[in-house]
Participant: 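Before we start, here is the structure in question, set down as C-alpha coordinates.
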Protein chains: 2
Amino acid sequence: MTDTRPAPDADAGQALDPQQLGAYFVLMEAVSLLQHQVEQQLRTEGDISYVQFQLLARLAHAPGHLTMTQLADGVVYSRSGLTYQAGLLEKAGLITRGPSPDDERATLVAITGNGRALLDSVLPGHIQVTRSLLFDPLTGDDLHHLGDIMTRVRDHMRTQPPRSAAPRKRRPSSTQA
Amino acid sequence: MTDTRPAPDADAGQALDPQQLGAYFVLMEAVSLLQHQVEQQLRTEGDISYVQFQLLARLAHAPGHLTMTQLADGVVYSRSGLTYQAGLLEKAGLITRGPSPDDERATLVAITGNGRALLDSVLPGHIQVTRSLLFDPLTGDDLHHLGDIMTRVRDHMRTQPPRSAAPRKRRPSSTQA
DNA sequence: TCACAGTGCTTTGAATTCGAACATATACGG
DNA sequence: CCGTATATGTTCGAATTCAAAGCACTGTGA
(Lines give C-alpha, C1' and ligand atoms only; values in the text may rest on other atoms or scores of the structure.)
Protein backbone atom coordinates (compact mmCIF):
# COMPACT_ATOMS: atom_id res chain seq x y z
CA MET A 1 0.00 0.00 0.00
CA THR A 2 1.61 3.15 -1.07
CA ASP A 3 0.73 5.83 1.33
CA THR A 4 -1.34 7.90 -0.98
CA ARG A 5 -3.30 9.30 1.85
CA PRO A 6 -3.67 12.89 0.83
CA ALA A 7 -2.95 15.52 3.30
CA PRO A 8 -6.21 15.99 5.14
CA ASP A 9 -8.02 17.54 2.24
CA ALA A 10 -7.41 19.86 -0.55
CA ASP A 11 -10.87 21.32 -0.53
CA ALA A 12 -12.92 19.89 2.22
CA GLY A 13 -16.60 20.27 1.72
CA GLN A 14 -16.91 20.37 -2.01
CA ALA A 15 -17.10 17.90 -4.85
CA LEU A 16 -15.81 14.39 -4.50
CA ASP A 17 -13.70 12.60 -7.04
CA PRO A 18 -15.70 10.46 -9.41
CA GLN A 19 -13.73 7.57 -7.98
CA GLN A 20 -14.96 8.32 -4.49
CA LEU A 21 -18.57 8.73 -5.51
CA GLY A 22 -18.43 5.58 -7.61
CA ALA A 23 -16.96 3.54 -4.78
CA TYR A 24 -19.59 4.83 -2.39
CA PHE A 25 -22.55 4.16 -4.65
CA VAL A 26 -21.45 0.73 -5.72
CA LEU A 27 -20.80 -0.17 -2.09
CA MET A 28 -24.34 0.70 -1.09
CA GLU A 29 -25.82 -1.00 -4.11
CA ALA A 30 -23.91 -4.24 -3.66
CA VAL A 31 -24.74 -4.49 0.02
CA SER A 32 -28.36 -3.80 -0.71
CA LEU A 33 -28.47 -6.59 -3.27
CA LEU A 34 -26.69 -8.96 -0.95
CA GLN A 35 -29.00 -8.21 1.93
CA HIS A 36 -32.08 -8.88 -0.17
CA GLN A 37 -30.81 -12.26 -1.24
CA VAL A 38 -29.77 -13.20 2.27
CA GLU A 39 -33.18 -12.24 3.55
CA GLN A 40 -34.79 -14.52 1.02
CA GLN A 41 -32.74 -17.47 2.16
CA LEU A 42 -33.37 -16.87 5.84
CA ARG A 43 -37.09 -16.49 5.31
CA THR A 44 -37.29 -19.60 3.18
CA GLU A 45 -35.20 -21.91 5.31
CA GLY A 46 -35.80 -20.65 8.81
CA ASP A 47 -38.76 -18.29 8.60
CA ILE A 48 -36.79 -15.50 10.25
CA SER A 49 -35.74 -12.04 9.10
CA TYR A 50 -32.20 -10.81 8.76
CA VAL A 51 -32.60 -8.73 11.89
CA GLN A 52 -33.76 -11.75 13.84
CA PHE A 53 -30.84 -13.74 12.52
CA GLN A 54 -28.44 -11.05 13.66
CA LEU A 55 -30.00 -10.98 17.09
CA LEU A 56 -29.78 -14.74 17.49
CA ALA A 57 -26.22 -14.82 16.22
CA ARG A 58 -25.17 -12.11 18.61
CA LEU A 59 -26.81 -13.84 21.55
CA ALA A 60 -25.28 -17.15 20.58
CA HIS A 61 -21.80 -15.68 20.68
CA ALA A 62 -22.35 -13.66 23.83
CA PRO A 63 -20.85 -15.05 27.02
CA GLY A 64 -24.02 -14.91 29.09
CA HIS A 65 -26.97 -12.62 29.07
CA LEU A 66 -27.20 -9.25 27.38
CA THR A 67 -29.31 -6.25 28.17
CA MET A 68 -31.69 -4.90 25.58
CA THR A 69 -29.57 -1.84 25.00
CA GLN A 70 -26.41 -3.86 24.50
CA LEU A 71 -28.22 -6.02 22.03
CA ALA A 72 -29.76 -3.13 20.11
CA ASP A 73 -26.47 -1.33 19.95
CA GLY A 74 -24.61 -4.34 18.67
CA VAL A 75 -27.06 -4.85 15.86
CA VAL A 76 -27.42 -1.20 14.93
CA TYR A 77 -31.04 -1.03 15.80
CA SER A 78 -33.48 1.23 17.58
CA ARG A 79 -34.50 0.15 21.05
CA SER A 80 -38.19 0.28 20.31
CA GLY A 81 -37.68 -1.89 17.26
CA LEU A 82 -35.78 -4.35 19.39
CA THR A 83 -38.63 -4.55 21.87
CA TYR A 84 -40.90 -5.56 19.02
CA GLN A 85 -38.53 -8.19 17.65
CA ALA A 86 -37.68 -9.54 21.08
CA GLY A 87 -41.39 -10.01 21.65
CA LEU A 88 -41.66 -12.09 18.50
CA LEU A 89 -38.58 -14.16 19.27
CA GLU A 90 -39.72 -14.81 22.81
CA LYS A 91 -43.16 -15.86 21.65
CA ALA A 92 -41.47 -18.23 19.24
CA GLY A 93 -39.42 -19.71 22.07
CA LEU A 94 -36.08 -18.71 20.60
CA ILE A 95 -35.00 -16.37 23.37
CA THR A 96 -35.87 -15.64 27.00
CA ARG A 97 -36.32 -12.34 28.74
CA GLY A 98 -35.95 -11.86 32.44
CA PRO A 99 -35.17 -9.26 35.05
CA SER A 100 -31.66 -8.46 36.08
CA PRO A 101 -30.63 -9.24 39.64
CA ASP A 102 -28.41 -6.20 39.80
CA ASP A 103 -30.52 -3.61 38.07
CA GLU A 104 -34.26 -3.85 38.44
CA ARG A 105 -35.03 -1.83 35.31
CA ALA A 106 -32.79 -3.83 32.98
CA THR A 107 -34.02 -6.80 30.98
CA LEU A 108 -31.61 -9.64 30.38
CA VAL A 109 -31.92 -11.59 27.16
CA ALA A 110 -30.53 -15.03 26.37
CA ILE A 111 -30.87 -17.51 23.56
CA THR A 112 -32.65 -20.81 24.14
CA GLY A 113 -31.83 -24.27 22.91
CA ASN A 114 -34.44 -23.91 20.22
CA GLY A 115 -32.86 -20.64 19.23
CA ARG A 116 -29.46 -22.26 18.86
CA ALA A 117 -30.97 -25.11 16.93
CA LEU A 118 -32.69 -22.78 14.51
CA LEU A 119 -29.52 -20.78 14.09
CA ASP A 120 -27.56 -23.91 13.34
CA SER A 121 -30.17 -25.01 10.84
CA VAL A 122 -30.05 -21.85 8.78
CA LEU A 123 -26.35 -21.18 9.06
CA PRO A 124 -25.19 -23.58 6.33
CA GLY A 125 -27.58 -22.09 3.82
CA HIS A 126 -26.67 -18.61 4.92
CA ILE A 127 -23.03 -19.35 4.42
CA GLN A 128 -23.72 -20.87 1.05
CA VAL A 129 -25.58 -17.79 -0.15
CA THR A 130 -22.96 -15.35 1.04
CA ARG A 131 -20.27 -17.54 -0.40
CA SER A 132 -21.82 -17.72 -3.83
CA LEU A 133 -22.74 -14.04 -3.94
CA LEU A 134 -19.97 -12.29 -2.05
CA PHE A 135 -16.94 -14.50 -1.69
CA ASP A 136 -17.09 -16.19 -5.05
CA PRO A 137 -15.86 -13.29 -7.15
CA LEU A 138 -13.22 -12.29 -4.60
CA THR A 139 -9.71 -13.50 -3.93
CA GLY A 140 -8.34 -14.10 -0.48
CA ASP A 141 -6.41 -10.92 -0.85
CA ASP A 142 -9.54 -8.98 -1.70
CA LEU A 143 -11.28 -10.36 1.31
CA HIS A 144 -8.46 -9.46 3.62
CA HIS A 145 -8.40 -5.95 2.29
CA LEU A 146 -12.17 -5.63 2.45
CA GLY A 147 -12.28 -6.71 6.06
CA ASP A 148 -9.45 -4.40 6.94
CA ILE A 149 -11.03 -1.42 5.22
CA MET A 150 -14.49 -1.87 6.64
CA THR A 151 -13.14 -2.50 10.11
CA ARG A 152 -11.38 0.83 10.01
CA VAL A 153 -14.53 2.54 8.75
CA ARG A 154 -16.67 0.86 11.38
CA ASP A 155 -14.32 1.78 14.20
CA HIS A 156 -14.13 5.31 12.92
CA MET A 157 -17.91 5.68 12.91
CA ARG A 158 -18.32 4.02 16.28
CA THR A 159 -16.28 6.72 17.90
CA GLN A 160 -18.40 9.48 16.45
CA PRO A 161 -22.14 9.20 16.96
CA PRO A 162 -24.36 7.82 19.62
CA ARG A 163 -26.45 4.99 18.39
CA SER A 164 -29.64 3.56 19.76
CA ALA A 165 -30.30 6.16 22.40
CA ALA A 166 -29.38 9.18 20.45
CA PRO A 167 -31.01 12.42 21.52
CA ARG A 168 -31.14 11.63 25.13
CA LYS A 169 -27.84 12.79 26.27
CA ARG A 170 -25.08 14.79 24.78
CA ARG A 171 -22.34 12.28 25.19
CA PRO A 172 -22.58 8.59 26.07
CA SER A 173 -19.15 8.69 27.62
CA SER A 174 -18.06 5.55 29.39
CA THR A 175 -20.90 3.28 28.43
CA GLN A 176 -19.24 0.65 30.47
CA ALA A 177 -18.32 -2.58 28.78
CA MET B 1 -27.38 -22.16 31.69
CA THR B 2 -27.27 -25.79 30.75
CA ASP B 3 -25.59 -26.42 27.48
CA THR B 4 -27.75 -28.42 25.23
CA ARG B 5 -25.51 -27.95 22.34
CA PRO B 6 -26.59 -30.26 19.56
CA ALA B 7 -23.15 -31.05 18.33
CA PRO B 8 -21.75 -28.19 16.34
CA ASP B 9 -20.50 -30.33 13.51
CA ALA B 10 -23.94 -30.45 11.98
CA ASP B 11 -23.68 -31.57 8.39
CA ALA B 12 -21.19 -30.04 6.47
CA GLY B 13 -17.84 -29.05 6.21
CA GLN B 14 -18.30 -25.86 4.51
CA ALA B 15 -17.72 -23.57 7.37
CA LEU B 16 -16.27 -20.25 6.46
CA ASP B 17 -12.95 -18.96 7.63
CA PRO B 18 -13.22 -16.58 10.52
CA GLN B 19 -11.70 -14.07 8.18
CA GLN B 20 -14.52 -14.44 5.71
CA LEU B 21 -17.24 -14.24 8.32
CA GLY B 22 -15.59 -11.28 9.94
CA ALA B 23 -15.30 -9.40 6.67
CA TYR B 24 -18.91 -10.11 5.86
CA PHE B 25 -20.28 -9.02 9.23
CA VAL B 26 -18.22 -5.88 9.49
CA LEU B 27 -19.20 -4.96 5.95
CA MET B 28 -22.89 -5.14 6.78
CA GLU B 29 -22.42 -3.33 10.06
CA ALA B 30 -20.43 -0.46 8.63
CA VAL B 31 -22.83 0.10 5.76
CA SER B 32 -25.73 0.03 8.16
CA LEU B 33 -24.14 2.66 10.34
CA LEU B 34 -23.28 4.79 7.34
CA GLN B 35 -26.77 4.60 5.97
CA HIS B 36 -28.30 5.71 9.26
CA GLN B 37 -26.11 8.77 9.40
CA VAL B 38 -26.70 9.65 5.78
CA GLU B 39 -30.42 9.39 6.31
CA GLN B 40 -30.21 11.82 9.18
CA GLN B 41 -28.44 14.39 7.06
CA LEU B 42 -30.85 14.07 4.13
CA ARG B 43 -33.87 14.34 6.37
CA THR B 44 -32.48 17.35 8.19
CA GLU B 45 -31.27 19.34 5.20
CA GLY B 46 -33.66 18.33 2.46
CA ASP B 47 -36.55 16.57 4.17
CA ILE B 48 -36.14 13.53 1.95
CA SER B 49 -35.32 9.89 2.65
CA TYR B 50 -32.32 8.00 1.35
CA VAL B 51 -34.53 6.16 -1.10
CA GLN B 52 -35.90 9.41 -2.44
CA PHE B 53 -32.39 10.77 -2.77
CA GLN B 54 -31.37 7.72 -4.75
CA LEU B 55 -34.36 8.05 -7.03
CA LEU B 56 -33.68 11.72 -7.72
CA ALA B 57 -29.99 11.08 -8.29
CA ARG B 58 -30.71 8.30 -10.71
CA LEU B 59 -33.21 10.39 -12.63
CA ALA B 60 -30.83 13.32 -12.71
CA HIS B 61 -28.14 11.21 -14.34
CA ALA B 62 -30.48 9.45 -16.73
CA PRO B 63 -30.46 10.61 -20.34
CA GLY B 64 -34.21 11.16 -20.64
CA HIS B 65 -37.16 9.43 -19.10
CA LEU B 66 -37.14 6.12 -17.28
CA THR B 67 -39.88 3.58 -16.78
CA MET B 68 -40.95 2.62 -13.30
CA THR B 69 -39.39 -0.80 -13.59
CA GLN B 70 -36.07 0.57 -14.78
CA LEU B 71 -36.06 2.98 -11.89
CA ALA B 72 -37.00 0.37 -9.30
CA ASP B 73 -34.39 -2.02 -10.58
CA GLY B 74 -31.67 0.59 -10.55
CA VAL B 75 -32.35 1.44 -6.98
CA VAL B 76 -32.88 -2.13 -5.80
CA TYR B 77 -36.42 -1.57 -4.80
CA SER B 78 -39.79 -3.23 -5.05
CA ARG B 79 -42.14 -1.85 -7.67
CA SER B 80 -44.98 -1.32 -5.27
CA GLY B 81 -42.69 0.59 -2.99
CA LEU B 82 -41.62 2.71 -5.92
CA THR B 83 -45.24 3.52 -6.75
CA TYR B 84 -45.63 4.85 -3.23
CA GLN B 85 -42.47 6.94 -3.31
CA ALA B 86 -43.14 8.21 -6.82
CA GLY B 87 -46.52 9.40 -5.59
CA LEU B 88 -44.87 11.38 -2.83
CA LEU B 89 -42.21 12.85 -5.09
CA GLU B 90 -44.76 13.80 -7.71
CA LYS B 91 -46.97 15.45 -5.14
CA ALA B 92 -43.94 17.40 -3.96
CA GLY B 93 -43.27 18.54 -7.52
CA LEU B 94 -39.88 16.86 -7.73
CA ILE B 95 -40.68 14.44 -10.55
CA THR B 96 -43.27 14.01 -13.28
CA ARG B 97 -45.07 10.88 -14.40
CA GLY B 98 -46.60 10.43 -17.82
CA PRO B 99 -47.64 7.76 -20.31
CA SER B 100 -45.22 6.31 -22.80
CA PRO B 101 -45.92 6.95 -26.49
CA ASP B 102 -44.58 3.56 -27.49
CA ASP B 103 -46.00 1.34 -24.78
CA GLU B 104 -49.38 2.20 -23.39
CA ARG B 105 -48.87 0.34 -20.12
CA ALA B 106 -45.52 1.93 -19.26
CA THR B 107 -45.16 5.05 -17.13
CA LEU B 108 -42.29 7.40 -17.89
CA VAL B 109 -40.68 9.29 -15.03
CA ALA B 110 -38.49 12.38 -15.20
CA ILE B 111 -37.00 14.81 -12.73
CA THR B 112 -38.21 18.42 -12.61
CA GLY B 113 -36.30 21.63 -12.10
CA ASN B 114 -37.33 21.67 -8.50
CA GLY B 115 -36.09 18.13 -8.17
CA ARG B 116 -32.69 19.06 -9.53
CA ALA B 117 -32.58 22.09 -7.30
CA LEU B 118 -33.33 20.05 -4.21
CA LEU B 119 -30.76 17.48 -5.20
CA ASP B 120 -28.15 20.16 -5.64
CA SER B 121 -29.03 21.64 -2.28
CA VAL B 122 -28.52 18.45 -0.31
CA LEU B 123 -25.55 17.12 -2.26
CA PRO B 124 -22.84 19.17 -0.53
CA GLY B 125 -23.98 18.06 2.90
CA HIS B 126 -24.34 14.52 1.70
CA ILE B 127 -20.82 14.56 0.37
CA GLN B 128 -19.54 16.05 3.57
CA VAL B 129 -21.11 13.32 5.67
CA THR B 130 -19.84 10.48 3.53
CA ARG B 131 -16.45 12.09 3.42
CA SER B 132 -16.15 12.42 7.15
CA LEU B 133 -17.54 8.95 7.87
CA LEU B 134 -16.38 6.82 4.98
CA PHE B 135 -13.51 8.46 3.14
CA ASP B 136 -11.75 10.00 6.07
CA PRO B 137 -10.22 6.84 7.51
CA LEU B 138 -9.30 5.49 4.06
CA THR B 139 -6.38 6.08 1.79
CA GLY B 140 -6.74 6.62 -1.93
CA ASP B 141 -5.47 3.10 -2.39
CA ASP B 142 -8.11 1.73 -0.07
CA LEU B 143 -10.79 3.53 -1.97
CA HIS B 144 -9.61 2.24 -5.30
CA HIS B 145 -9.55 -1.29 -3.99
CA LEU B 146 -12.94 -0.93 -2.35
CA GLY B 147 -14.53 0.34 -5.53
CA ASP B 148 -12.93 -2.42 -7.54
CA ILE B 149 -14.03 -5.14 -5.12
CA MET B 150 -17.61 -3.99 -4.76
CA THR B 151 -17.97 -3.46 -8.49
CA ARG B 152 -16.99 -7.05 -9.09
CA VAL B 153 -19.42 -8.23 -6.42
CA ARG B 154 -22.21 -6.08 -7.79
CA ASP B 155 -21.69 -7.26 -11.35
CA HIS B 156 -21.56 -10.85 -10.16
CA MET B 157 -24.88 -10.50 -8.36
CA ARG B 158 -26.49 -8.64 -11.22
CA THR B 159 -25.99 -11.62 -13.45
CA GLN B 160 -28.12 -13.69 -11.12
CA PRO B 161 -31.91 -13.30 -11.02
CA PRO B 162 -33.19 -9.74 -10.89
CA ARG B 163 -34.83 -8.13 -7.94
CA SER B 164 -37.94 -6.11 -8.46
CA ALA B 165 -39.80 -8.52 -10.68
CA ALA B 166 -38.62 -11.83 -9.38
CA PRO B 167 -41.28 -14.50 -9.27
CA ARG B 168 -43.24 -13.34 -12.21
CA LYS B 169 -41.90 -15.37 -15.03
CA ARG B 170 -40.36 -18.65 -14.39
CA ARG B 171 -42.97 -21.34 -14.42
CA PRO B 172 -44.58 -21.29 -17.82
CA SER B 173 -47.63 -23.40 -17.29
CA SER B 174 -50.35 -25.00 -15.27
CA THR B 175 -51.09 -24.65 -11.60
CA GLN B 176 -51.22 -21.00 -10.95
CA ALA B 177 -53.92 -21.07 -8.27
C1' DT C 1 -35.85 10.93 53.43
C1' DC C 2 -37.08 13.63 49.51
C1' DA C 3 -36.43 15.85 45.16
C1' DC C 4 -34.50 15.48 40.74
C1' DA C 5 -31.91 14.13 37.04
C1' DG C 6 -30.27 10.03 34.46
C1' DT C 7 -30.88 5.34 32.61
C1' DG C 8 -33.54 1.09 30.73
C1' DC C 9 -37.24 -0.50 28.45
C1' DT C 10 -41.98 -0.38 26.54
C1' DT C 11 -46.02 1.72 24.38
C1' DT C 12 -47.94 4.52 20.90
C1' DG C 13 -48.69 6.58 16.40
C1' DA C 14 -47.20 7.45 11.90
C1' DA C 15 -44.52 6.23 7.97
C1' DT C 16 -42.50 2.90 5.00
C1' DT C 17 -41.88 -1.52 2.90
C1' DC C 18 -42.98 -5.76 0.65
C1' DG C 19 -45.68 -9.54 -1.62
C1' DA C 20 -49.96 -10.90 -3.58
C1' DA C 21 -53.89 -9.75 -6.15
C1' DC C 22 -55.64 -6.72 -9.68
C1' DA C 23 -56.51 -4.12 -14.14
C1' DT C 24 -54.59 -3.15 -18.64
C1' DA C 25 -51.72 -3.60 -22.51
C1' DT C 26 -48.73 -6.27 -25.56
C1' DA C 27 -46.93 -10.54 -27.84
C1' DC C 28 -47.62 -14.98 -29.75
C1' DG C 29 -49.72 -19.23 -31.65
C1' DG C 30 -53.60 -21.38 -33.61
C1' DC D 1 -58.99 -12.66 -35.41
C1' DC D 2 -59.49 -15.20 -30.61
C1' DG D 3 -57.21 -17.24 -26.43
C1' DT D 4 -53.50 -17.60 -23.58
C1' DA D 5 -49.38 -16.12 -21.52
C1' DT D 6 -46.32 -12.30 -20.39
C1' DA D 7 -45.16 -7.41 -19.06
C1' DT D 8 -46.25 -2.80 -16.40
C1' DG D 9 -47.90 -0.35 -13.01
C1' DT D 10 -51.14 0.24 -9.11
C1' DT D 11 -53.92 -1.09 -5.07
C1' DC D 12 -54.45 -3.58 -0.89
C1' DG D 13 -53.30 -5.75 3.48
C1' DA D 14 -49.93 -7.04 6.73
C1' DA D 15 -45.51 -6.53 8.79
C1' DT D 16 -41.77 -3.74 10.29
C1' DT D 17 -39.44 0.38 11.61
C1' DC D 18 -38.52 4.62 14.02
C1' DA D 19 -38.96 8.73 17.08
C1' DA D 20 -41.44 10.65 20.81
C1' DA D 21 -43.80 10.04 24.98
C1' DG D 22 -44.44 7.33 29.06
C1' DC D 23 -43.37 4.34 33.03
C1' DA D 24 -40.17 2.26 36.33
C1' DC D 25 -35.89 2.12 38.70
C1' DT D 26 -31.19 4.15 40.29
C1' DG D 27 -28.09 7.35 42.24
C1' DT D 28 -26.84 11.66 44.07
C1' DG D 29 -27.25 15.88 46.73
C1' DA D 30 -29.60 18.62 50.11
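What's counted below: heavy atoms across the whole structure, side chains too, no hydrogens, waters or symmetry copies. Naming convention: chains lettered A, B, ... in sequence-line order (proteins, then strands); numbering from 1 in each chain.
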Participant: Thr83(A) has a side chain; which of dC9(C), dT8(D), dG19(C) sits nearest to it?
Facilitator: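 Selected nucleotide (nearest to the side chain): dC9(C).
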Participant: Taking the inter-plane angle between the rings of His126(A) and Tyr50(A) on a 0 to 90° scale, is it parallel (under 30°), tilted (30 to 60°) or perpendicular (over 60°)?
Facilitator: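 Geometry flag for Tyr50(A) against His126(A): parallel rings.
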Participant: What is the distance from CG of Leu66(A) to C1' of dC9(C), rounded to the nearest Å?
Facilitator: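 One finds 15 Å between C1' of dC9(C) and CG of Leu66(A), rounded.
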Participant: Evaluate the side-chain proximity of Asp73(A) to Arg158(A): yes if any heavy-atom separation is below 4.5 Å, no if none is.
Facilitator: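 Contact flag for Arg158(A)/Asp73(A) side chains = yes.
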Participant: Is there a side chain to side chain contact (heavy atoms under 4.5 Å, CB included) between Gln54(B) and Arg58(B)? Walk through the geometry before answering.
Facilitator: CA-CA 6 Å; Gln54(B) 283 181 299; Arg58(B) 191 146 201 107; over 6 Å; no
Participant: Considering only heavy atoms from C-beta outward, does the side chain of Leu146(A) approach that of Tyr24(B) to under 4.5 Å?
Facilitator: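 Leu146(A) vs Tyr24(B): side chains apart.
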Participant: May I ask you to evaluate whether Arg97(B) reaches the phosphate of dT10(D), defined as a side-chain N or O under 4.0 Å from OP1 or OP2?
Facilitator: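 Arg97(B) to dT10(D) OP1/OP2: side-chain N or O found under 4.0 Å.
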Participant: Rounded to whole Å, please give me the gap between CZ in Arg79(A) and C1' in dC18(D).
Facilitator: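 To the nearest whole Å, that distance equals 12 Å.
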Participant: Starting at CD of Glu39(B) and ending at C1' of dC18(D), how long is that distance when rounded to a whole Å?
Facilitator: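 Rounded to whole Å, this separation is 10 Å.
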Participant: Which whole-number value in Å describes the distance from Lys91(B) NZ to dT10(D) C1'?
Facilitator: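 Atom-to-atom, Lys91(B) to dT10(D), this comes out as 15 Å.
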Participant: I'd like to know if the side chain of Asp148(B) pairs up with that of Thr151(B) as donor and acceptor (distance under 3.5 Å, no hydrogens or angles considered).
Facilitator: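 No.
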Participant: May I ask you to decide whether Asp120(B) forms a salt bridge with Arg116(B), counting only side-chain N to carboxylate O separations under 4.0 Å?
Facilitator: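 Salt bridge flag = no for Arg116(B) with Asp120(B).
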Participant: Grab the CD-C1' distance between Gln40(A) and dG19(C) for me, whole Å please.
Facilitator: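 Going from CD in Gln40(A) over to C1' in dG19(C) covers 10 Å.
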Participant: Measure all distances between protein nitrogen or oxygen atoms and nitrogen or oxygen atoms of nucleotides 24-28 of chain C, and list the pairs falling under 3.5 Å.
Facilitator:
residue	atom	partner	partner atom	Å
dT26(C)	OP1	Glu104(B)	N	3.0

Participant: What's the separation between atom CD in Gln85(A) and atom CG in Leu94(A), rounded to the nearest 0.5 Å?
Facilitator: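 Gln85(A) atom CD to Leu94(A) atom CG measures 11.0 Å (nearest 0.5 Å).
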Participant: Could you tell me how far apart Leu71(B) (CG) and dT10(D) (C1') are, to the nearest whole angstrom?
Facilitator: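 Rounded to the whole Å, the gap is 15 Å.
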Participant: With side chain to side chain contact (heavy atoms under 4.5 Å, CB included) as the test, would you mind laying out the steps for Val109(B) and Thr67(B) before giving the verdict?
Facilitator: CA-CA 6 Å; Val109(B) 186; Thr67(B) 67; over 6 Å; no
Participant: Return the polar atom pairs (N/O with N/O) between nucleotides 14-17 of chain D and the protein under 3.5 Å, or none.
Facilitator:
residue	atom	partner	partner atom	Å
dT16(D)	OP2	Tyr84(A)	OH	2.6
dT17(D)	OP1	Tyr77(A)	OH	3.3
dT17(D)	OP2	Tyr77(A)	OH	2.5
dT17(D)	OP2	Gln85(A)	NE2	2.5
dT17(D)	O5'	Tyr77(A)	OH	3.0

Participant: Rounded to whole angstrom units, what separation is found between the CE atom of Met68(A) and the P atom of dC18(D)?
Facilitator: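 Value for this atom pair: 13 Å.
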Participant: Checking contacts here: which listed nucleotide (dA19(D), dG9(D), dG8(C)) is nearest the side-chain heavy atoms of Thr69(B)?
Facilitator: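 My answer, after comparing the listed nucleotides, is dG9(D).
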Participant: Donor-acceptor check, side chain of His156(A) to backbone of Ser132(B), threshold 3.5 angstrom: yes or no?
Facilitator: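 Yes; judged by distance alone, with no hydrogens or angles, the pair exists.
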Participant: How close or far is atom P of dT8(D) from atom NE2 of His65(B), stated in whole angstroms?
Facilitator: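 Atom NE2 in His65(B) sits about 18 Å away from atom P in dT8(D).
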Participant: Once hydrogens and angles are ignored, does a donor-acceptor distance under 3.5 Å link the base of dG9(D) to the side chain of Thr107(B)?
Facilitator: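 By the distance-only test, no, there is no pair.
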